[in-house]
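Every number for a ligand or one of its atoms is a count from 1 in the order of the listing. Worth saying up front: this structure is predicted, and the values here are computed from it rather than measured.
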Amino acid sequence: MSYEKAEAAAKYIKSRLDIHPKLLIILGSGLGKFADTLSDKVTINYSEIPHLPRTTVEGHAGKLVVGHCGSAAVAVMAGRFHYYEGYSLEEVVLPVRIAFLAGIQKMIITNAAGALNREFEPGDLMLIEDHVNLLGANPLRGPNDKRFGPRFPDMTEAYDQQMRSIALSKAEALGIRLRRGIYIAIPGPSYETPAEIRFLSNFGDAVGMSTVPEVIAARHCGIRVLGLSCISNMAAGINGGLLDHQDVVEVGESVSNKFIQLLSAIIPEL
Ligand code: HPA
């Protein structure tokens with residue numbers, strides 16, 4: 001059923017557009033401003049797209065913006081679906097599958113994340129080198145639809161090596177510090193306890209509540225992935241303060257310019 005839904009949505013989106021981008025960018029909490037920087041914008045609200053659920057989180061606008069970043073045609077999702085909102089993982093990854101059927105071949109996925117690595121600071125950007133899925137679920141569970149991809153997709157290089165090199169060299173050229181690390185996905189919506197953070201710190205550098213389902217679905221259908229985290233806070237118990245979603249959104253907004261600069265430099269090279 002997911003295939004037919006994705007197909008109907010892709011058909012609708014294509015009917016609304018004159019350009020057909022090959023690159024999808026999914027924006028995380030507080031990073032929505034990037035969508036405003038595109039030229040020749042066409043905006044489609046999620047509520048207009050057949051079969052797409054609505055977003056419920058503050059800081060996530062819920063619109064698809066298609067336009068140009070420099071000379072590159074891009075599709076930007078401002079707002080995504082999280083597991084903690086109550087959606088099934090199949091619903092969470094539906095936009096990626098729609099994008100695939102609309103012709104997307106590469107994806108830049110971004111998020112806000114808490115730092116597990118004590119060398120990181122709020123406001124840092126992190127290139128995701130690999131992930132750990134602690135959601136306790138996988139979007140590919142259930143009957144496999146071969147039209148999307150194989151039953152047992154390889155995840156050895158989930159985050160594309162060539163795209164990572166481009167991101168690192170562009171960050172260096174711009175003088176933007178780009179950390180590197182492993183992203184761990186937990187279901188949320190409660191933040192972690194300090195004990196959980198001590199546990200997770202053994203296995204990763206940043207923790208968040210998104211991204212991993214979309215990356216699994218993207219790799220399943222052969223979309224190449226670049227992942228970027230915006231470090232919005234030190235994870236629970238690392239520096240004593242309490243965690244607040246508003247702070248996560250505000251840090252995202254405060255690094256927006258740096259983030260937009262980096263994205264705008266990477267995109268034409270991909
Ligand atoms: N934990 C989980 N998810 C998050 C965090 C965090 O500290 N910060 C932003 N998203």
Enumerate, one pair per line, all nitrogen or oxygen atoms of ligand 1 lying under 3.5 Å from a protein nitrogen or oxygen, stating the separation to 0.1 Å; write 'none' if no such pair exists.
unit_1: ligand 1; atom_1: 1 (N); unit_2: Glu192; atom_2: OE1; d: 2.9
unit_1: ligand 1; atom_1: 1 (N); unit_2: Glu192; atom_2: OE2; d: 3.2
unit_1: ligand 1; atom_1: 7 (O); unit_2: Asn233; atom_2: ND2; d: 2.9
unit_1: ligand 1; atom_1: 8 (N); unit_2: Gly114; atom_2: N; d: 3.3
unit_1: ligand 1; atom_1: 8 (N); unit_2: Asn233; atom_2: OD1; d: 2.7
unit_1: ligand 1; atom_1: 10 (N); unit_2: Ala112; atom_2: O; d: 3.4

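The 12-atom threshold is exceeded at CZ of Arg147, counting heavy atoms of other residues, nucleotides or ligands nearer than 6.0 Å.
Within the structure, ring pair (Phe, Tyr, Trp, His ring centres under 6.0 Å) contacts touching residues 134-176 (residues at least two apart or in different chains) are Tyr3-Phe148, His131-Tyr159.
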Tell me which donor-acceptor pairs under 3.5 Å the side chains of residues 220-227 have, and how far apart each pair is, sequence neighbours excluded?
unit_1: His220; atom_1: NE2; unit_2: Asn144; atom_2: OD1; d: 2.9
unit_1: His220; atom_1: NE2; unit_2: Gly149; atom_2: O; d: 3.3
unit_1: His220; atom_1: NE2; unit_2: Pro150; atom_2: O; d: 3.0
unit_1: Arg224; atom_1: NE; unit_2: Asp160; atom_2: OD1; d: 2.9
unit_1: Arg224; atom_1: NH2; unit_2: Asp160; atom_2: OD2; d: 3.0
unit_1: Arg224; atom_1: NH2; unit_2: Gln162; atom_2: OE1; d: 2.9

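Arg179 contributes a side-chain N or O that, together with a main-chain N or O of Glu119, makes up a donor-acceptor pair within less than 3.5 Å.
For the salt bridge (charged side-chain N to carboxylate O under 4.0 Å, His left out) criterion with Arg80, the lone passing option out of Glu214, Glu91, Glu85 is Glu214.
Legend: residues meeting salt bridge (charged side-chain N to carboxylate O under 4.0 Å, His left out) with Glu157, ordered by chain and number and at least two apart, are absent.
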